[in-house]
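Down below is the structure, laid out as structure tokens.
Only heavy atoms go into these numbers, but all of them, side chains included; no hydrogens, no water, no symmetry mates.
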Amino acid sequence: MKLHDSILAAAFLALAIAVVVAAQAFPPAPGQVVGPALFPTAVGICLGIGSAILLVRSLAVSAPKVWFSASPDLRRPRTLLGFVITIAAVIFYLAASEPLGFLPCSVLILIVLFAAYGVKLRFGVPLALVASLAIYAAFSRLLAVPLPPGILEGIL
């Protein structure tokens with residue numbers, strides 16, 4: 001699937017503006033000159049500048065514009081199924097991660113995605129378990145980012 005660069009640039013420009021506006025609502029950090037809004041504002045400004053440049057350049061090109069074209073691969077059922085399952089996996093995680101927890105959701109999502117993309121279950125299941133545990137360890141232990149424990153609350 002291909003979208004014209006100007007469509008993507010406009011979307012990222014809107015995202016940049018939203019990030020900068022949202023960052024201005026962050027409360028200042030007590031006793032510090034630099035507050036929590038500095039980094040998101042800087043990223044938003046850089047993203048906005050890059051998006052604006054891409055938008056201007058993509059609209060200035062004199063070649064015929066193809067705004068959207070679907071890949072011929074999307075006509076194959078297996079590719080289309082993988083595409084749909086990937087989007088469904090994100091929606092499932094957003095809906096189920098709090099009640100079920102990160103680890104059960106991650107393992108289930110990875111097993112389904114591996115199966116959809118042709119990975120044999122004898123490799124996919126252990127890989128899903130190891131990858132989920134590694135991601136959980138990296139976020140919860142190394143980065144100190146709490147992931148939802150869900151049904152494993154007392155165990156983790």
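For Arg78, the side-chain hydrogen bond (donor to acceptor under 3.5 Å, both in side chains) criterion is met by no residue, not counting sequence neighbours. Qualifying side-chain hydrogen bond (donor to acceptor under 3.5 Å, both in side chains) partners for Ser97, counting only residues two or more places apart in sequence or in other chains: none.
Leu127 and Leu121 are assigned to two separate hydrophobic clusters, defined by single-linkage of ILVMFWY side chains at heavy-atom distances under 4.5 Å. Put simply, Phe12 and Val21 are part of two different groups of oily side chains (I, L, V, M, F, W, Y) that touch within less than 4.5 Å, one to the next. In the hydrophobic clustering of this structure, Leu152 groups with Ile135; members are Ile, Leu, Val, Met, Phe, Trp, Tyr whose side-chain heavy atoms approach within less than 4.5 Å, directly or through other members. Under a hydrophobic-cluster definition in which Ile, Leu, Val, Met, Phe, Trp and Tyr are linked whenever side-chain heavy atoms come within less than 4.5 Å, directly or via other members, Tyr93 and Leu129 are assigned to different clusters. Hydrophobic cluster membership differs between Leu13 and Val20, with clusters built from Ile, Leu, Val, Met, Phe, Trp and Tyr side chains linked at under 4.5 angstrom.
The two residues Pro99 and Ala95 come nearest to each other via the heavy atoms CD-O, 3.8 Å. Summarising the geometry of Ala16 relative to Gly44, their closest heavy-atom pair is CB-O, 3.3 Å, with the distance given to 0.1 Å.
Expressed to the nearest 0.5 Å, how far CG of Leu54 lies from CD1 of Ile49 amounts to 14.0 Å. Between atom CD1 of residue Ile85 and atom CG of residue Leu80 there is a gap of 10.0 Å, rounded to the nearest 0.5 Å.
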Where do Thr41 and Phe26 land on the side chain to side chain contact (heavy atoms under 4.5 Å, CB included) test, with the steps shown first? CA-CA 11 Å; Thr41 302; Phe26 292 169; over 6 Å; no
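Taking the side chain as every heavy atom from C-beta outward, Leu47 and Leu15 approach each other to under 4.5 Å.
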For residues 102-120, which side-chain donor-acceptor pairs fall under 3.5 Å, sequence neighbours excluded?
from	atom 1	to	atom 2	distance (Å)
Ser106	OG	Ser132	OG	2.7
Tyr117	OH	Gly82	O	3.0
Tyr117	OH	Thr86	OG1	2.9

